[in-house]
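Below: one structure, written as structure tokens.
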Amino acid sequence: MTTGAAGSMATVTNSGTAAAAVLNAANEIAVAAFLAGRLRFTRIPEVIEAALESVPTGSADDLTSVLDADARARAAATSSVVRNMGCAA
């Protein structure tokens, strides 16, 4: 049984929805914040999970749906990073 961030990733990649776009976008934002010194490495999964929980992930049948999910995830992840900025390493 897989738990935590690894479990979330396994579920997302097999979902057939725009969740994979959400995961990718949130990861890009979180890693960029980490590299800029604005987020602890250990907080990256929290940012990703917050985006996955807050962004609706409908079907990924067309590019517009995927791009919309990507944009919403980036906004959610950015908000999460801002909330966690006091936790930078």
Quick one: closest heavy-atom pair of V66 and A21, and the distance? CG1-CB, 3.8 Å

With sequence neighbours excluded, residues passing salt bridge (charged side-chain N to carboxylate O under 4.0 Å, His left out) with R74: E28, D70

With distance as the sole test, does S79 use its side chain to make a donor-acceptor pair with the main-chain N or O of A75 at under 3.5 Å? yes

Starting at OG1 of T78, measure out to CZ of R83 and round the result to the nearest 0.5 Å. 10.5 Å

Looking at S65 and S59, what are the two nearest heavy atoms and their distance? CB-O, 3.5 Å

Hey, what do you get for CD (E53) to CD (E46), rounding to the nearest 0.5 Å? 10.5 Å

Restricting to non-hydrogen atoms, name the atom on A25 and the atom on A73 that form the minimum distance, rounded to 0.1 Å. CB-CB, 3.9 Å

Mind checking the OG-CG spacing from S80 to L39? Nearest 0.5 Å is all I need. 7.5 Å

Between OG1 of T42 and CG of N84, what distance do you get to the nearest 0.5 Å? 9.5 Å

According to side chain to side chain contact (heavy atoms under 4.5 Å, CB included), who are the partners of T57, at least two apart in sequence or on a separate chain? T17, A19, V22

Path from V55 to I44 over hydrophobic side-chain contacts below 4.5 Å: yes

For S54, give me all partners under side-chain hydrogen bond (donor to acceptor under 3.5 Å, both in side chains), at least two apart in sequence or on another chain. none

Calculate, to the nearest 0.5 Å, the distance between atoms CG and CZ belonging to L67 and R72 respectively. 12.5 Å

Roughly how far, to the nearest 0.5 Å, is CD1 of I29 from CZ of F34? 15.5 Å

